[in-house]
Amino acid sequence: MKTEKSKRLLRRARRSIPGGVNSPVRAFGSVGGTPPFIARAEGCRIFDADGNSFIDYVGSWGPMILGHANPAVLRAIERAMKRGTSYGAPTALEIELAERICAAVPSVEKVRMVSSGTEATMSALRLARGATGRDRILKFEGCYHGHADGLLVNAGSGLATLGIPSSPGVPAAYAKLTVQAKYNDLGAVDRAFDRWGRDLAAVIVEPFAGNMGFVPPIPGFLESLRRRCDRAGALLIFDEVITGFRVAYGGAQQLLGVTPDLTCLGKVLGGGLPAAAYGGRRELMDQMAPDGPIYQAGTLSGNPLAMAAGAATLRRLARSGSYEALGRKSRLLAEGLQQRADAAGVPFTTAAVGGVLGFFFHPGPVRNFDEAKQAHEGRFRTFFHSMLEQGFYLAPSAYECVFVSLAHRRAELDATLAAAEVAMARCARIR
Ligand code: KE4
C-alpha cells in the first residue's frame with residue numbers, strides 16, 4: 001500500500017497541528033502506522049492522498065449512515081449554501097429538524113441545537129444541575145461523553161468511586177463531583193445510589209456503550225437506572241450521540257423502551273456537518289435561556305447548512321425498511337467475522353444492533369470496561385493493519401465501533417469477510 005503522500009502530509013501537518021490531527025484518535029496512536037490523509041469519499045468508499053481506496057467502516061465516527069456524498073444530502077446543502085452559510089438568527093430549517101427530532105425520539109418534547117456532542121452533554125448536565133439544584137453526577141467507566149471537564153475522570157479507589165482527573169487541566173474539584181460505577185453492574189448502581197443518591201443531579205449513560213468497544217446493556221441495567229433515578233429525584237440522561245438514529249430511528253430509548261429525562265444527540269443528526277442537540281420534556285427544556293435562567297449559547301448552533309444536511313439524512317432514514325436493511329448488514333458482518341474467527345481458532349466475540357456492530361479479540365462476554373481491556377490488543381492491531389492493507393478502513397482503536405451505512409452493498413460486505421479470513425489467519429499466529 002502506497003503511503004508516501006500521507007507520510008509527507010503528516011510531517012507537514014505536525015508542524016502546525018498538535019499531533020498533525022484535529023482529534024487525537026485519528027493519529028493511529030493505538031495501532032501504529034501512518035493515518036491515511038483522505039482526499040475524497042463517495043458511498044461506502046474513502047480515497048486517500050496516495051490513491052488508495054478503502055471500504056469505510058468509520059463513517060466519520062458515525063455520521064455517514066447514508067454513505068459519503070449522498071446525492072440528496074449534497075443537494076440539500078447546495079440549496080442552503082446558495083442562500084448564505086450562517087446568519088446567527090432563527091430560520092425555518094431549524095424548526096423542521098427540531099420537529100423531526102421531537103416526532104422521532106420518545107423523550108424529546110423540545111430540543112436545543114448545538115454544534116458537537118460535547119456541547120450537547122455539557123449542556124444537558126448543566127440543565128440537570130440547574131433543574132435539581134444538585135451538583136454531583138454519576139457516569140460509567142468506559143463511557144465517553146465528550147471532553148467537558150467533569151467528564152474526563154478516571155475511577156478513583158473504592159466502591160462508588162469519586163472521580164479523579166483523567167487529563168491534566170481538569171480541576172480535581174470538578175472531577176470529584178463525578179461518581180463513577182461499572183457499566184452493566186446492578187450492584188455498583190445500587191451502591192452508588194445508596195451512597196450518593198440524594199446528591200445526584202443526574203446519571204449520564206450511553207444506552208449502548210460505543211467507546212469501550214460496542215457493549216450492549218444487560219437486561220435490567222437501564223431499567224434499574226430509571227427506577228433509581230426516580231426514587232432519588234435525579235435525572236436520567238441518555239447520551240445517544242452514537243445510538244441516536246443509528247440503532248433505530250428513535251434511538252436506543254425507542255428500541256429498549258426505557259425513557260430518559262434528557263437525551264443527547266449528534267453524529268447522524270448533522271448528516272456529516274457539525275450539528276448535535278440535547279432535548280427532553282418541556283418543563284425541563286423551558287428552563288433554558290432565554291425563557292429560563294439556565295444559560296447555554298452557540299454562534300453556529302442551528303447552522304442552516306447543518307440543518308439542511310441533517311434533515312435530508314433523517315428524511316431518508318425515516319423511510320420504512322431503513323433500519324431493517326442496516327440491521328441485516330451489521331448482522332451479516334458480525335456473524336461472518338465470528339465464523340471466520342472460530343474457523344481460525346481465534347477467541348472473538350461480537351455484538352450488532354441496527355447500523356452498528358463491534359468485536360473484541362476476547363472469548364466473551366464483554367459487559368464492561370474491565371472485560372473490554374482484557375481483549376487481545378496485539379491481535380486487534382494485526383487485524384486492523386491486515387484489513388487496512390487489503391482496502392478496509394476500521395476504527396484505529398479497539399475501543400470504538402464498526403459503522404455500516406445504507407451504501408454498503410452485499411458485494412462490499414462479502415469482500416470484507418473474505419479479507420477478514422486472511423486477517424484472522426494472521427491473528428491466529430499471534431499468541
Ligand atoms: P463530539 O464532541 O466528538 O461531537 O461528541 C462527543 C461524544 C459524545 N458522546 C458519545 C457517546 C460519543 O461517542 C462522542 C464522540 N465519539 C468519538 C468516538 N467514539 C468521536 C471521535 C473523536 O473523538 O474524534
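In this chain, residues are counted from 1 in sequence order. As the structure lists them, so they are numbered: ligands from 1, and atoms in each ligand from 1. Small disclaimer: the values here were computed from a predicted structure and weren't measured.
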Cation-pi, Phe369 ring and Lys373 (6.0 angstrom, 45 degrees): yes

In this structure, is the centre-to-centre distance between the rings of Phe221 and Phe140 below 6.0 Å? yes

Centroid-to-centroid, His408 to Tyr57, below 6.0 Å?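 Yes, they do, as the ring centres are separated by less than 6.0 Å.
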
Return the minimal non-hydrogen interatomic distance between Ser86 and Asn303, and the atom names on each side. CB-ND2, 3.7 Å

Of all the non-hydrogen atoms in the protein, which one sits nearest to [atom], and at what distance?
atom                    : answer
atom 9 (N) of ligand 1  : Asp239 OD2, 2.7 Å
atom 19 (N) of ligand 1 : Asn211 OD1, 2.7 Å
atom 22 (C) of ligand 1 : Ser23 OG, 3.4 Å
atom 18 (C) of ligand 1 : Glu400 OE1, 3.4 Å
atom 7 (C) of ligand 1  : Gly146 N, 3.8 Å
atom 5 (O) of ligand 1  : Gly117 CA, 3.3 Å
atom 10 (C) of ligand 1 : Tyr144 O, 3.3 Å
atom 16 (N) of ligand 1 : Lys267 NZ, 3.1 Å

From Asn70 atom CG to Glu42 atom CD, the distance as rounded to the nearest 0.5 Å: 10.5 Å

Where on His145 is there a heavy atom closer than 4.0 Å to ligand 1, on the side chain, on the backbone, on both, or on neither? backbone

For residues [X] and [Y], is any side-chain donor paired with an opposing acceptor at under 3.5 Å?
X      : Y      : answer
Ser107 : Arg281 : no
Arg126 : Gln296 : no
Gln390 : Ser386 : yes

Show your working on ring-ring contact (aromatic ring centres under 6.0 Å, His included) between Phe348 and Phe361 and close with a plain yes or no. CA-CA 4 Å; Phe348 193 81; Phe361 283 92; 5.1 Å; yes

Can you find a protein heavy atom under 4.0 Å from atom 3 (O) of ligand 1?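 Within 4.0 Å of atom 3 (O) of ligand 1, no protein heavy atoms are found.
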
Closer than 4.0 Å to some heavy atom of [X] - which atoms of ligand 1 meet that?
X      : value
Glu206 : 11 (C)
Val25  : 22 (C), 24 (O)
Ile242 : 13 (O)
Trp61  : 21 (C)
Ser116 : 2 (O), 4 (O)

Please step through side-chain hydrogen bond (donor to acceptor under 3.5 Å, both in side chains) for the pair Glu206 and Thr243, ending with a clear verdict. CA-CA 8 Å; Glu206 292 182 66; Thr243 55; over 6 Å; no

